[in-house]
Amino acid sequence: MDSILQKLRNLDAYPKINDDFFSRTLSGGIITLASSLLILLLFFSELRLYLHTVTESKLLVDASRGETLHINFDVTFPAIRCSLLSLDTMDISGEQHFDIRHDIVKKRIDAHGNVIEAKKDGIGAPKIDNPLQRHGGRLEHNEKYCGSCFGAEMSDDDCCNSCDEVRDAYRKKGWALTNADLIDQCKREGFIQKIKDEDGEGCNIEGSLEVNKVAGNFHFVSGKSFHQSNVHVQDLLAFQTDSYNISHKINRLAFGDYFPGMLNPLDGVQWRQETPNGMYQYFIKVVPTLYTNIRGRTIRSNQYSVTEHFKSSELGHSQLLPGVFFFYDLSPIKVTLKEEHVPFLHFMTHICAIVGGIFTIAGLIDSFVYHGQRAMKKKMEIGKFG
């Protein structure tokens, strides 16, 4: 048994030295204090990194199918009145939506940017005060109202009971509404006067869109869009001028929900038109992003990069449609972002490396200083007695 214990004693890598053989020096104390402070500083630095999360990113091929793209926007047009501003979308699959109104709020603003009125998009409900019926007579008591579409009916049973419905019927026919002052519904709703009352005003439009997850575009233009002989044109031609000021400020544009670290490069971008007419285009590359926080909650969103271009009508584009167009395309690569903590074993490894490394270097420095002092002391003694 004693032999086994003796063998274990021989394995001791930390032999003990009698206290009588220790020699404490001033330089050793200074080096010990400095190394202890450095260890403490590096310890708290590592502790801070351990307590905070780090975000790991990976690139994967986006294999998702059948999803939709959620677009949030907030854009201000200081020189286009709300009654004429419309929003359209179209994509490469052929799906088109003109004059979108759901989930959209328009705010009339004055020349100084102050809000005059905020309401969900729409001209308003018709005032039923002896309106003109489709058959040509006036609405009688206990008679159901069915307004005329003024030649734009798709069938004999179609009714247009508001100015908006007449405009929609005209658009489906590919006609431009140039005589709104002759439309009974528009006269009763005061549609023309509302447009005139907004002269000199601007418009802030905000809301959201849900579109197919394919390449496409959405755009803000003056008037209601329709196609005529495969040409994209606007109605309300009677209110159009020779030039449009499409100056705008993008307060916010995001393709999906917010997640920490999300950067939207178009937020706060402002552009002021210098030439009389034209089309401002943004070309956007949308990158699908999957974000997972430290609690395991997943957010499906998108990031994007953008380039921009202004196409002026002065350069020979006579059929140019004045407006602000956002052309977006989808990247085939998906980015995954995941919040993680530094593993505890890594933290402990770093702490041990800090403590051991600093003490080792401090011991080497102390030994060098101590032997240097002893050598100098011996030389001084030899010189004194020599």
- Message: Please tell me whether Gln273 and Ser247 have a donor and an acceptor in their side chains that are separated by less than 3.5 angstrom.
- Response: no
- Message: Please report the interatomic distance NZ(Lys334) to CZ(Arg300), rounded to the nearest 0.5 Å.
- Response: 6.0 Å
- Query: Between OH of Tyr291 and CG of Asn293, what distance do you get to the nearest 0.5 Å?
  - Reply: 6.0 Å
- Message: Any salt bridge linking Asp91 with Lys213? Criterion: basic side-chain nitrogen under 4.0 Å from a carboxylate oxygen.
- Response: no
- Message: Would a single hydrophobic cluster contain both Leu42 and Leu37, if residues Ile, Leu, Val, Met, Phe, Trp and Tyr are joined by side-chain heavy-atom contacts under 4.5 Å?
- Response: no
- Query: Are Val214 and Phe325 connected in the hydrophobic side-chain network, where two residues link if heavy atoms are under 4.5 Å apart?
  - Reply: no
- Rounded to the nearest 0.5 angstrom, the CG-CG distance for Asn204 and Asn251 is 6.0 Å
- Message: Could you tell me if the side chain of Ile109 sits less than 4.5 Å from the side chain of Asn114, heavy atoms only?
- Response: no
- I would like to know whether Gln185 and Asn161 meet side-chain hydrogen bond (donor to acceptor under 3.5 Å, both in side chains); could you show each step before the answer? CA-CA 7 Å; Gln185 292 89 328; Asn161 296 341; 5.8 Å; no
- Query: Is it true that a side-chain atom of Asn264 and a backbone atom of Leu266 form a donor plus acceptor pair closer than 3.5 Å?
  - Reply: no
- Message: Does any part of the side chain of His219, heavy atoms only, come nearer than 4.5 Å to the side chain of Met90, both counted from C-beta?
- Response: yes
- Flag the pair Arg252 and Asp267 as a salt bridge only when some basic side-chain nitrogen lies within less than 4.0 angstrom of an acidic carboxylate oxygen. no
- Query: Looking at Tyr280 versus Tyr282, is the centre-to-centre ring distance below 6.0 Å?
  - Reply: yes
- Query: Less than 4.0 Å between a side-chain N and a carboxylate O, is that true for Glu339 and Arg295?
  - Reply: no
- Candidate pair Ile284 and Leu253, rule side-chain contact (heavy atoms from CB on, under 4.5 Å), full reasoning: CA-CA 11 Å; Ile284 299 172; Leu253 179 64; 4.1 Å; yes
- Closest heavy-atom contact between Gly323 and Val221? CA-CG1, 4.0 Å
- What pair of heavy atoms forms the shortest contact from Cys160 to Ser148, and how long is it? CB-O, 3.5 Å
- Taking all non-hydrogen atoms of both residues, which atom of Leu330 and which atom of Ala215 are closest, and how far apart? CD2-N, 4.1 Å
- Single hit among Leu337, Thr298, Thr336 for side chain to side chain contact (heavy atoms under 4.5 Å, CB included) with Thr292: Thr298
- Query: Are side-chain heavy atoms of Phe218 and Leu87 found at a separation under 4.5 Å?
  - Reply: yes
- Message: Can a side-chain donor-acceptor contact be found between Asp88 and Gln96 if the only test is distance below 3.5 angstrom?
- Response: no
- Task: Go through His309 and Phe283 one step at a time and tell me if the ring-ring contact (aromatic ring centres under 6.0 Å, His included) criterion holds.
- Result: CA-CA 8 Å; His309 175 67; Phe283 298 93; 7.2 Å; no
- Message: With heavy-atom distances below 4.5 Å as the criterion, would you say the side chains of Phe368 and Leu364 are in contact?
- Response: no
- Atom pair CZ (Phe359) and CD1 (Ile31), whose distance is rounded to the nearest 0.5 Å: 12.0 Å
- In terms of hydrophobic clustering (I, L, V, M, F, W, Y; side-chain heavy atoms under 4.5 Å; direct or indirect links), are Ile365 and Ile30 co-clustered? no
- Lys106 side chain vs Cys82 backbone, donor-acceptor pair below 3.5 Å: yes
- Would you call Phe150 and Asp184 a side-chain contact if the rule is heavy atoms closer than 4.5 Å? yes
- Is Arg108 salt-bridged to Glu201, going by a charged N under 4.0 Å from an acidic O? yes
- Same hydrophobic cluster for Trp271 and Val324, using side-chain heavy-atom links shorter than 4.5 Å among ILVMFWY? yes
- Item | Any side-chain heavy-atom pair of Val335 and Leu59 under 4.5 Å | yes
- Is there side-chain contact between Asn302 and Leu69, with at least one heavy-atom pair below 4.5 Å? yes
- Query: Can you pull the side chain to side chain donor-acceptor pair (under 3.5 Å) pairs that have at least one residue in residues 29-56, sequence neighbours excluded?
  - Reply: Glu46-His350
- Message: Could you tell me if the side chain of Ile80 sits less than 4.5 Å from the side chain of Ser222, heavy atoms only?
- Response: yes
- Item | For the student: nearest non-hydrogen atoms of Asp257 and Met262, plus distance | O-SD, 3.5 Å
- Task: Calculate, to the nearest 0.5 Å, the distance between atoms CG and CG belonging to Asp103 and Leu209 respectively.
- Result: 8.5 Å
- Message: I'd like to know if the side chain of Tyr304 reaches the main chain of Asp329, judged simply by a donor and an acceptor atom lying under 3.5 Å from each other, with no hydrogens or angles considered.
- Response: no
- Item | With Ile358, the side chain to side chain contact (heavy atoms under 4.5 Å, CB included) member among Ile354, Val355, Thr360 | Ile354
- Hey, what's the ring geometry for Phe73 with Phe220, parallel, tilted or perpendicular (30° and 60° as the breaks)? perpendicular
- Could you walk me through whether Ser208 and His70 pass the side-chain contact (heavy atoms from CB on, under 4.5 Å) test, one step at a time? CA-CA 7 Å; Ser208 61; His70 192 73; 3.8 Å; yes
- Task: Please check if the side chain of His248 supplies one atom and the backbone of Ile246 the other of a donor-acceptor pair under 3.5 Å.
- Result: yes
- Would you kindly confirm whether Val369 and Leu38 end up in one hydrophobic cluster when ILVMFWY residues are joined by side chain heavy atoms under 4.5 Å apart? no
- Message: Please find the pair of heavy atoms, one from Gly28 and one from Asp366, that lie closest to each other, and give the distance.
- Response: CA-OD1, 3.1 Å
- Item | Residue pair Cys159, Cys149: steps toward the disulfide (SG to SG under 2.5 Å) verdict | CA-CA 6 Å; Cys159 299; Cys149 296; over 6 Å; no
- Task: Starting at OG1 of Thr76, measure out to NZ of Lys249 and round the result to the nearest 0.5 Å.
- Result: 7.0 Å
- Task: May I have the step-by-step check of side-chain contact (heavy atoms from CB on, under 4.5 Å) for Ile71 and Phe326, ending in yes or no?
- Result: CA-CA 11 Å; Ile71 305 173; Phe326 296 84; over 6 Å; no
